[in-house]
Amino acid sequence: QVQLVESGGGLVQAGGSLRLSCAASGSIFSINAMGWYRQAPGKQRELVATITSSGRTNYADSVKGRFTISRDNAKNTVYLQLNSLKPEDTALYYCNADRVVVSTTPLRYHELWGQGTLVTVSS
C-alpha cells in the first residue's frame with residue numbers, strides 16, 4: 001500500500017542548515033498538496049509549509065525567509081530546506097500528502113502522514 005517516508009533529520013548547531021526529504025511510495029497516480037508539519041515537546045502539531053501540485057507555497061510566519069519547500073512530482077517527493085536554524089525549530093517534523101490518488105477507475109484517494117523525522121538544533 002502507499003506510504004510516506006521522511007529522512008534527513010539530525011542534530012545541527014544554531015545557524016546551520018538541514019534538508020529534509022519525504023517520498024511517497026506505492027502505486028500513485030497523483031498527489032494534490034504536500035507539506036511539512038512539526039511538533040515540539042509540550043506543543044500541538046503546527047503547519048510549517050505546504051506546496052500544491054502546481055507549485056503554490058505557503059509558510060508559517062516563524063519560518064518565512066529561512067525555510068524553502070519544493071517538490072518533484074515525477075518522484076512524488078517533497079523537500080524542506082531549513083536554513084538559519086534556531087533552537088526553537090527543534091521538533092519532530094512530519095510529512096503530509098493530501099488527496100493521494102491511488103485509483104482512477106473508480107476514483108479513490110487517501111491522506112497520508114509520515115512517521116516523522118527528528119530535527120534538533122543546539123545553541
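We count residues from 1, following the sequence as given.
With a 4.5 Å cut-off on side-chain heavy atoms, Leu20 and Val119 count as touching. Counting heavy atoms from C-beta on, the side chains of Ile69 and Phe67 never come closer than 4.5 Å.
Looking at Asp98, its side chain does come within 3.5 Å of a backbone N or O of Ala33 through a donor-acceptor pair. Between the side chain of Arg108 and the main chain of Ser103, no donor-acceptor pair closer than 3.5 Å is present. Of the possible donor and acceptor atoms, none in the side chain of Thr117 sits under 3.5 Å from a partner among the backbone N and O of Tyr93. Side-chain atoms of Glu6 come within 3.5 Å of backbone atoms of Gln115 as a donor-acceptor pair (strictly under, hydrogens ignored).
If you chain together hydrophobic residues whose side chains sit under 4.5 Å apart, Leu112 and Trp36 fall into the same group. Under a hydrophobic-cluster definition in which Ile, Leu, Val, Met, Phe, Trp and Tyr are linked whenever side-chain heavy atoms come within less than 4.5 Å, directly or via other members, Tyr109 and Phe29 are assigned to the same cluster. By the rule that hydrophobic residues join a cluster once side-chain heavy atoms approach within less than 4.5 Å of another member, Leu80 and Val12 end up as members of one cluster.
Among all heavy-atom pairs drawn from Ser123 and Ala14, the shortest one is CA-CB, 4.4 Å. Taking all atoms of both residues into account, the shortest heavy-atom contact from Ser70 to Val78 is O-CG2, 3.2 Å. Closest approach of Tyr94 and Gly114 over heavy atoms only: CD2-O, 3.5 Å. The two residues Ala91 and Leu118 come nearest to each other via the heavy atoms O-CD1, 3.6 Å. Smallest separation of non-hydrogen atoms from Asn32 and Arg71: O-NH1, 2.7 Å. Between Gly8 and Leu18 the shortest heavy-atom distance is O-CG, 3.5 Å.
Among pairs with a residue in residues 37-63, those fulfilling ring-ring contact (aromatic ring centres under 6.0 Å, His included) read Tyr37-Trp113, at least two apart in sequence or across chains. Listed by first and then second residue, the disulfide (SG to SG under 2.5 Å) pairs involving residues 9-113 are Cys22-Cys95 (not counting sequence neighbours).
A distance of 11.5 Å separates CG of Asn73 from CD1 of Ile28, quoted to the nearest 0.5 Å.
With Ser17 as the partner, the side chain to side chain contact (heavy atoms under 4.5 Å, CB included) test is satisfied by one option alone out of Asn83, Leu85, Leu82: Asn83.
Remark: Asp89 does not engage Lys86 in a salt bridge, criterion side-chain N to carboxylate O under 4.0 Å.
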Under 3.5 Å, which donor-acceptor pairs do the side chains of residues 41-58 form with other protein atoms, sequence neighbours left out?
residue, atom, partner, partner atom, Å
Glu46, OE2, Arg38, NE, 2.8
Glu46, OE2, Arg38, NH2, 3.4
Thr52, OG1, Ser54, N, 3.4
Thr52, OG1, Ser54, OG, 3.0
Thr52, OG1, Gly55, N, 3.4
Thr52, OG1, Arg56, N, 3.1

